[in-house]
Structure formats: structure tokens, C-alpha cells
Amino acid sequence: MKIGILTSGGDCPGLNAVIRGAVIKGDQIYGVKFAGILDGYRGLAEGDMIPLPRKRVRGLSFVGGTILGTSRSNPYERGGLENIKEQLHDNEVDAIIAIGGEGTLSAAKRMADDGIHVVGVPKTIDNDVAATDYTFGFDTAVAIATESIDRLRTTAESHHRCMVVEVMGRHVGWIALNAGIAGGAHASLLPEFPVSIDQICIWVNKAHNRGRAPVIVVAEGFAPLGQEGETTSRGMGNDGRLRLGGIGEQLAPIIESKTGIETRAVQLGHLQRGGVPTARDRVLATRYGTAAIDAVMEEKWGHMVALHGEEITTVDLHDATTELKSVPRDLWDEAGILFG
Ligand code: F6P
């Protein structure tokens with residue numbers, strides 16, 4: 001038996017640990033062979049695959065990025081189902097482990113519905129895949145964002161400034177919420193809960209009046225109340241005009257002019273996705289990898305490995321892809337007690 005592994009969508013710390021876990025267990029326990037499918041669904045559509053022997057995955061658990069490369073491709077837009085079947089047949093691949101976020105897993109579900117032998121592994125720093133408690137990469141991203149807030153706070157305090165820290169999260173604010181709590185921010189702004197500019201300025205002024213340097217964490221997908229849908233993480237308005245920077249850079253001058261407090265913005269961007277995974281992410285990713293190979297051997301096509309509590313289990317890809325996992329209101333309210 002030969003199993004193809006692919007990593008697709010935005011990269012994420014821990015991808016290599018999944019690959020390592022799957023290959024070591026597959027080799028040692030089941031005696032199966034592996035093919036590395038390069039650049040996600042691009043490599044699947046083009047039959048671009050390499051042998052993935054056990055020696056190739058040695059020492060990989062702490063290495064960031066993905067040794068297989070990744071892309072944001074959809075196999076149905078690159079040759080369709082017949083091509084996928086042909087490439088798998090030509091490369092003698094019997095089943096696929098698809099590691100990715102919501103887009104990748106939706107394509108995996110469609111392939112499973114079309115009879116392809118595929119098992120999913122949830123990945124994203126955003127932690128927005130449903131039907132699992134956590135995705136690997138999230139813990140690392142929160143750790144990086146928290147350390148950045150710690151560092152930005154000292155320079156903000158020296159200059160008596162307000163600091164707006166933009167973190168990733170196009171659709172959900174898990175990173176902003178957690179880094180905001182861990183870093184002791186004076187507000188965390190999430191896409192799920194729009195608040196007005198005036199409310200943000202109240203929080204900034206309250207912190208400033210207590211002698212603190214206000215720190216505002218904002219998820220890239222946040223839009224102020226009344227302006228939802230007008231800004232995007234790409235800094236492009238719906239009117240098609242280029243706006244410099246992301247939401248953080250858009251908010252900073254407004255906060256400064258309304259409060260009179262000098263304000264700077266920092267966009268953490270891809271720093272949150274690069275580099276070594278935390279120990280927690282390495283463990284979760286490795287467990288996902290070993291569970292994925294079990295799922296393949298049990299022929300759980302159309303399923304995804306998932307974390308429920310401390311237990312790794314499998315769920316139907318349908319449950320993981322019908323909607324994104326957003327931050328519940330009560331968690332945001334709980335954090336809100338600390339604002340201002
Ligand atoms: O992986 C999800 C994500 O990290 C989002 O939070 C962010 O908007 C996006 O990726 C950035 O993607 P890219 O690397 O393609 O610019």
C-alpha cells in the first residue's frame with residue numbers, strides 16, 4: 001500500500017511533525033510506503049510526487065514550514081476528478097492524507113464523496129476548523145503574538161504611546177482573544193464582535209488615565225461597528241481603492257486624532273506562521289499524524305482526525321467543513337471584564 005501526504009493552504013508550525021508522525025507509524029506498525037505530494041493540490045493535479053521514506057522525516061518535529069511545500073489550489077479547478085484518479089493511479093497511490101484548513105478539508109470531503117480514499121488532518125494557526133477543540137499551529141501563533149505584545153508594551157510605556165497590534169485571523173479572533181488575555185491587552189478586537197471607534201477610544205482613554213500605555217490587539221478581519229465589510233485584511237476597500245496597511249494601520253491614526261494619544265500600529269503578519277512550533281503544537285501535530293495513519297488503515301474515508309479534550313478521535317469531514325469555529329460570546333465577555 002502507498003499513501004500520499006499533502007500539505008495545502010497557508011503553512012503552519014507543526015506540519016512537518018504531522019508528516020513525521022504518520023510516516024514513522026506507517027512504516028513501523030503497518031509497513032506501508034509513502035509519497036510526498038508537492039505543493040498541496042497543485043502536486044496532486046500534476047502528479048508531482050516524491051518518495052517519502054522514513055529516513056526523510058528524521059528530526060523533523062521542530063522544523064517549521066512544510067518539507068512538501070504548499071499552495072492554495074483546488075484540484076477540481078485543475079483537471080477535475082478524472083485527472084485526480086489518473087494521477088493517483090499513475091503514481092500507485094492508494095489513499096491520501098490531506099493536511100489543511102477549511103478550504104483544503106472541503107476539497108478533501110468532495111473527493112471522498114467522489115470515491116477517493118482520503119483522510120483529513122486539521123491545520124491552521126487561526127484555530128477556526130470546526131469539530132475539533134484545537135488545530136496545531138495555534139499555540140505557536142499565540143505564543144509569538146504574546147511575546148510581541150510584551151515587547152511592544154515596554155517601548156509604548158517609554159514613549160507614553162498607545163500601541164495597536166494586528167494579529168492574523170481573517171474570519172475569527174481566536175489568536176486576538178488569547179494573545180490579548182495572555183499579554184494583558186486593554187482590548188481585543190475580533191471579527192465576530194464589531195465595536196464602535198468611540199468604544200475603542202473609551203478603552204484607550206481609561207488605560208491611559210490609569211497611567212498605562214494602552215495596548216489594543218486587533219484581528220486582521222475586524223471592522224468597526226457600522227463599517228463591517230468595508231475593510232479587508234488585504235488593505236483593500238470594497239471600493240477597490242488600495243488602503244495602506246491592514247486594519248491596525250487604519251485604526252491607529254483615528255485613535256490618535258480622537259484621543260490625542262500618540263499611537264503606533266504593528267502588523268505581526270507571517271511572523272506568526274514561521275519558525276519552530278511550541279512543544280504543545282509538536283505533540284498535537286505528532287498525535288494527529290499517528291492517528292491519521294490509523295484512520296487510513298481503518299478506511300475511514302471522508303473523516304478527519306480531531307482533538308476532543310485530551311483524546312484524539314475522528315469526525316466526519318462534513319461536520320468540520322460546514323461552518324467555521326468562531327469565538328463564543330461568553331468567552332469574549334469574560335475577556336471584556338479586563339478591558340480598559
Ligand atoms: O492560514 C490562515 C491565515 O493565517 C489567515 O489568518 C491569514 O489571513 C492568511 O492565512 C494569510 O495568508 P497568505 O499567506 O496567503 O497571505
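Treat the numbers as computed from the prediction; the structure is a model and nothing was measured. Just follow the structure's listing: the first ligand is 1, and inside any ligand the first atom is 1.
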task: Could you give me the CA-CA distance, side-chain angles and deciding distance for Met304 and Val119, then say whether side-chain contact (heavy atoms from CB on, under 4.5 Å) is met?
output: CA-CA 6 Å; Met304 175 188 93; Val119 161; over 6 Å; no
statement: Taken to the nearest 0.5 Å, the spacing of Leu15 CG from Asp11 CG works out to 6.5 Å
- prompt: Is Arg170 in polar range of ligand 1, meaning some N or O pair under 3.5 Å apart?
  reply: yes
statement: Near Ile125 (heavy-atom distance under 4.0 Å), the atoms of ligand 1 are 4 (O)
message: If you measure every N or O of Gly169 against every N or O of ligand 1, does any of those distances drop under 3.5 Å?
response: yes
message: Once you measure the plane-to-plane angle for Trp301 and His117, does it fall in the parallel (<30°), tilted (30-60°) or perpendicular (>60°) bin?
response: parallel
message: Tell me whether the NZ or CZ atom of Arg282 lies within the 45° cone about the ring axis of Phe62 and under 6.0 Å from its centre.
response: no
message: Is there a side-chain contact between Val57 and Phe34 in this structure, where contact means two heavy atoms from C-beta onward sitting under 4.5 Å apart?
response: no
query: With atoms numbered from 1 as shown, which atoms in ligand 1 lie under 4.0 angstrom from a non-hydrogen atom of His270?
result: 13 (P), 14 (O), 16 (O)
- request: Find all atoms of ligand 1 within a distance of less than 4.0 Å from any non-hydrogen atom belonging to Arg273, and give their numbers and elements.
  value: 1 (O), 3 (C), 4 (O), 9 (C), 10 (O), 11 (C), 12 (O), 13 (P), 14 (O)
query: So is Arg72 close enough to ligand 1, meaning a heavy atom under 4.0 angstrom away?
result: yes
